[in-house]
Amino acid sequence: MNNYIEIETLYFPIVSLRVEIKVKGDLIEKISLYQAKILYKKDNKIHTKLGALAQNFFESYFFKKKTPLFLLPLNWSLVSDFQKKVYKTLISDVPFGKTISYLELAKKIGNPNACRAVGQALSKNPWPIVVPCHRVIGKQNSLGGFSCGIPIKKLLLQHENIF
DNA sequence: TCGCAGGGCCGCT
DNA sequence: AGCGGCCCTGCGA
């Protein structure tokens with residue numbers, strides 16, 4: 001069995017971001033983002049195949065400024081059906097450089113009244129960037145919140161030339 | 001289980 | 001600004 005937990009760490013000094021990826025077996029459990037004003041260039045040491053795939057994914061996002069066509073294998077069993085619906089809609093319907101409001105997203109999943117529940121689902125997003133929760137903002141273009149901190153949400157939106 | 005409080009919201013005062 | 005209502009969770013009894 002390949003069922004151990006491994007943490008892969010990627011450094012992206014150009015955006016002052018460190019990405020930590022928790023890998024278990026052949027699925028990603030969680031992704032965490034950390035910001036540091038000064039981030040020294042380090043060689044990324046990848047331990048797993050999945051880590052290499054994730055590196056490919058994030059390099060495409062940060063260097064080529066686009067979301068790769070392939071989706072990283074995520075452990076969907078960790079989230080509720082409602083979260084799944086929110087996340088998958090977001091992945092398929094809101095591409096790089098676009099935004100959507102909490103309300104619009106709620107409408108898309110077929111429940112116009114669930115905007116608040118959508119916000120709650122997003123607050124628990126285990127896979128930021130892969131599930132682009134940073135592209136969800138308030139209806140009047142307010143920023144909304146972000147589980148890894150508002151500054152990182154701003155940073156990602158600026159990276160996508162939004163705001 | 002059931003009830004309840006609280007959330008990355010929204011719209012009406 | 002403030003408030004009530006909306007839907008989903010997590011927690012405590």
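Chain letters run A, B, ... following the sequence lines, proteins first and then strands; every chain starts at 1. Computed from heavy atoms alone, side chains included, the values below leave out hydrogens, waters and symmetry copies.
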(message) Are the side chains of A/I152 and A/Y34 in contact, using a 4.5 Å heavy-atom criterion?
(response) no
(message) Rounding to an integer number of angstrom, what distance separates B/dG6 and C/dC3 when you compare their P atoms?
(response) 15 Å
(request) Nearest 0.5 Å please: distance from the SG atom of A/C148 over to the CD1 atom of A/I31. (result) 9.5 Å
(request) Test A/H134 against every option in A/E160, A/H159, A/K153 by the side chain to side chain donor-acceptor pair (under 3.5 Å) rule and name the one that passes. (result) A/E160
(message) Grouping I, L, V, M, F, W and Y whenever their side-chain heavy atoms are under 4.5 Å apart, do A/Y4 and A/L50 come out in a common cluster?
(response) no
(message) Using a strict heavy-atom distance below 4.0 Å, which residues from residues 79-99 of chain A are in contact with DNA chain B?
(response) none
(message) So that I can tick it off, tell me whether A/K22 and A/E20 are bridged by a salt bridge, with the cut-off set at under 4.0 angstrom between side-chain N and carboxylate O.
(response) no
(request) Quick one: sort the A/Y87 and A/W127 rings into parallel, tilted or perpendicular, breaks at 30° and 60°. (result) perpendicular
(request) Could you tell me whether the side chain of A/V94 reaches within less than 4.5 Å of the side chain of A/L105, counting heavy atoms only? (result) no
(message) What I'd like to find out is whether the side chain of A/V118 reaches to under 4.5 Å of the side chain of A/I109, using heavy atoms alone.
(response) yes
(request) Fill in the dot-bracket string of DNA chain B, one character per base: . for unpaired, | for a pair to another strand, ( ) or [ ] for pairs within the strand, taking Watson-Crick or G-U pairs under 3.5 Å. (result) |||||||.|||||
(request) Any chance you could list the contact pattern along nucleotides 3-13 of chain B? Use B for base contacts, S for sugar-phosphate-only contacts and - for none, protein heavy atoms under 4.0 Å, 5' to 3'. (result) ---BBBBSS--
(message) Can you confirm whether A/V19 sits close enough to A/L33 that some side-chain heavy atom of one is under 4.5 Å from a side-chain heavy atom of the other?
(response) yes
(request) Verify the cluster assignment for A/I91 and A/F58: are they in a single hydrophobic cluster under the rule of side-chain heavy atoms below 4.5 Å apart? (result) yes
